[in-house]
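Not measured: the values here are computed from a predicted model. The first residue of the sequence shown is numbered 1, and numbering continues consecutively from there.
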Amino acid sequence: MPETRPEPIATFCGNCNCGCPQLFLDPDAPQDRRVRITDDFGQQVQMSEEQFADLVAQAKAGALDRLTATPA
């Protein structure tokens with residue numbers, strides 16, 4: 001099986017066929033743009049692995065919890 005570049009890491013949703021947001025790692029991209037997040041509108045954000053690690057650390061620490069909280 002041929003290697004896919006950029007490498008798909010995760011799909012956020014996946015319950016439909018609407019072009020769900022995805023996370024990719026592109027080892028061939030410049031170091032500051034190796035992580036790519038695409039949305040279902042064709043837009044993308046690129047960042048370094050270090051920036052992505054910071055995003056994950058902040059999410060784990062609860063910085064994004066208010067975005068997913070169910071209203072009372």
Could you work out the complete set of other residues in the hydrophobic cluster of Leu64, with links drawn between I, L, V, M, F, W and Y side chains under 4.5 Å apart? Leu67

With sequence neighbours excluded, what pairs up with Gln22 under the side chain to side chain donor-acceptor pair (under 3.5 Å) test? Thr11

Separation of Ser48 OG from Arg34 CZ (nearest 0.5 Å): 9.5 Å

Do any pairs count as a salt bridge (Lys or Arg N to Asp or Glu O under 4.0 Å) and have a residue in residues 21-31, sequence neighbours left out, and if so which ones? Arg5-Asp28, Asp26-Arg36

All side-chain contact (heavy atoms from CB on, under 4.5 Å) counterparts of Ala53, not counting sequence neighbours: none

Test: salt bridge (Lys or Arg N to Asp or Glu O under 4.0 Å). Region: residues 53-67. Which pairs qualify, not counting sequence neighbours? none

According to a 4.5 Å side-chain heavy-atom criterion applied to Ile, Leu, Val, Met, Phe, Trp and Tyr, with indirect links allowed, do Phe12 and Val56 form part of one hydrophobic cluster? yes

Taking only residues two or more places apart in sequence or in another chain, which ones pass side-chain contact (heavy atoms from CB on, under 4.5 Å) with Ile9? Glu7, Leu23, Leu25

Val45-Phe52 co-clustered via ILVMFWY side chain contacts under 4.5 Å: yes

Taken to the nearest 0.5 Å, the spacing of Gln46 CD from Gln51 CD works out to 11.0 Å

